[in-house]
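Heads up: numbering here begins at 1 and tracks the sequence. Both ligands and their constituent atoms are indexed starting at 1 by order of listing.
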Amino acid sequence: MRFSGLRVITEGLTGNRGWTPHWRDATPKDAYDVVIIGGGGHGLATAYYLARNHGITNVAVLEKGYLGGGNVGRNTTIVRANYFLPGNSEFYSHSLKLWEGLEQDLNYNVMHSQRGQIALFHNDAQRDAAIRRGNAIRNQGDDAELLTPGDLRRVLPYLDYEQTRFPIYGGLLQRRAGTARHDAVAWGFARGASDRGVDLIQNCEVTGIDIDAGNVRGVQTTRGAIRAGKVAIVVAGRSSQVAAMAGMRLPIESHVLQAFVTEGLKPCIDHVVSFGMGHFYISQSDKGGLVFGGDLDFHASYAARGNLPMAEHVMEAGMTLMPMIGKAKLLRSWGGIMDMTPDGSPIIDRTDVDGLYFNGGWCYGGFKAVPGSGYSMAHLVATGRHHEPAARFRLDRFLTGRGLMDEEGTGAQHNLH
Ligand SMILES: Cc1cc2nc3c(=O)[nH]c(=O)nc-3n(C[C@H](O)[C@H](O)[C@H](O)COP(=O)(O)OP(=O)(O)OC[C@H]3O[C@@H](n4cnc5c(N)ncnc54)[C@H](O)[C@@H]3O)c2cc1C
């Protein structure tokens, strides 16, 4: 079933009776060439690119709940490529290029909207850092523009420029950054993978990983044992738990991140805007809700819901930056489980078990990575070699301390022994 403008009009005029399910709800077979644990964005994209780029279709994606019920459907949908450090910058640059052709590639409307992201800065030191970051982004081949307070007043008239505590000195704009409809991304990749022969198996929790003489043999699930030549762990917030099934102890902690949405309003926020003096960022969805988020709850947890102190903290930051937000009614809030690494950068790598691969540690920035991660992970699983843009996402950097990518500058501490 292909989508097109003509098809939408025809279906609309004929009672929408011609649409078919987007993917087959498969039942598990006894064995597959590749089993992917986790039906989130990264797992589905890995399956899609395994089939599309490498012709590997005897693949199952095992999802313990429903497809897209994890972080891929819980994030604040920001897509950008404004990373600073080598390793991250080329990876996210590659991912953004994939985003730019994704809808045509998947024949699916993921509502990718390149509305621009503006990261505000509030003092001289932050301005210097923004210029440095902007130059690095441009050297990488992506776009970055420095905005003066005068520029900002024209494009973001609703900010509180008069506040004395955190005066706004300017902003760094990436025009190609923006948002996408998160669950449509999961559905689009699911449909593309299923169309190519991949089995998508929902309500199928992996409970064990079978290893024999250092080789992976398959998995145990709530729907029986499944043999596999290769197994990929792609479970984001549950990474530590699933990797433990293979005897691995990961340098990952799971933390809750919350997001909030208001009632639908007329269009008032055209960009994605982030505050430089607190963890607050905002955009407006196509339905009109103001979508915003803040920082982690700051204690390890597997509860996919947040707590009130962080909600208060986020509201305070929002009111400081744009007091107009105080007039909007908050409609919903939710939480997701973030797979936090010590240096804030992800992992796409082999493990010490032959045939067992790991993808995770996306922290709170893995939505924008979905196409790039799936592409690179599929390359690694299919060829056994690292895909160049993701070549630095090695697991052993946390063991050796070499190649750490502390993008946030928050200072990872590694006690080797
Ligand atoms: C509030 C919030 C805001 C965010 N905002 C942004 C943003 O603006 N931009 C951005 O780039 N990123 C953002 N992120 C981060 C991004 O959503 C995640 O990094 C990314 O979605 C994680 O990868 P995933 O989609 O594969 O994860 P998930 O969708 O969580 O997929 C993992 C899947 O594995 C399944 N699973 C777990 N254990 C098992 C098992 N034993 N057996 C079978 N299946 C299992 C889970 O059920 C889940 O469906 C945000 C996250 C949150 C929570």
> What ring pair (Phe, Tyr, Trp, His ring centres under 6.0 Å) pairs are there with at least one residue in residues 113-139, not counting sequence neighbours?
Replying inline: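 Every pair satisfying ring pair (Phe, Tyr, Trp, His ring centres under 6.0 Å) with a residue in residues 113-139: His122-Phe275.
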
> Any donor-acceptor pair under 3.5 Å linking the side chain of Asp349 with the backbone of Leu395?
Replying inline: yes

> For the rings on His387 and Phe91, is their centre-to-centre separation under 6.0 Å?
Replying inline: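 Between His387 and Phe91, the centre distance exceeds or equals 6.0 Å.
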
> So which of Lys97, Arg52, Arg191 actually passes salt bridge (Lys or Arg N to Asp or Glu O under 4.0 Å) with Asp105?
Replying inline: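 Between Asp105 and the candidates, salt bridge (Lys or Arg N to Asp or Glu O under 4.0 Å) is satisfied uniquely by Arg52.
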
>> What does the 4.0 Å heavy-atom contact list look like for ligand 1?
In response: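 These residues qualify: Ile37, Gly38, Gly39, Gly40, Gly41, His42, Leu62, Glu63, Lys64, Gly70, Asn71, Val72, Arg74, Asn75, Thr76, Thr77, Ile78, Cys204, Glu205, Val206, Val234, Val235, Ala236, Arg238, Val242, Leu257, Gln258, Ala259, Tyr281, Gly336, Met338, Trp362, Cys363, Tyr364, Gly365, Gly366, Phe367, Lys368.
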
> Which word best sums up how the rings of Tyr92 and Tyr83 line up, parallel for under 30°, tilted for 30 to 60°, or perpendicular for over 60°?
Replying inline: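 Parallel, since the angle between the ring planes stays under 30°.
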
>> Distance alone, cut at 3.5 Å: any donor-acceptor contact between the side chains of Tyr169 and Asp124?
In response: no

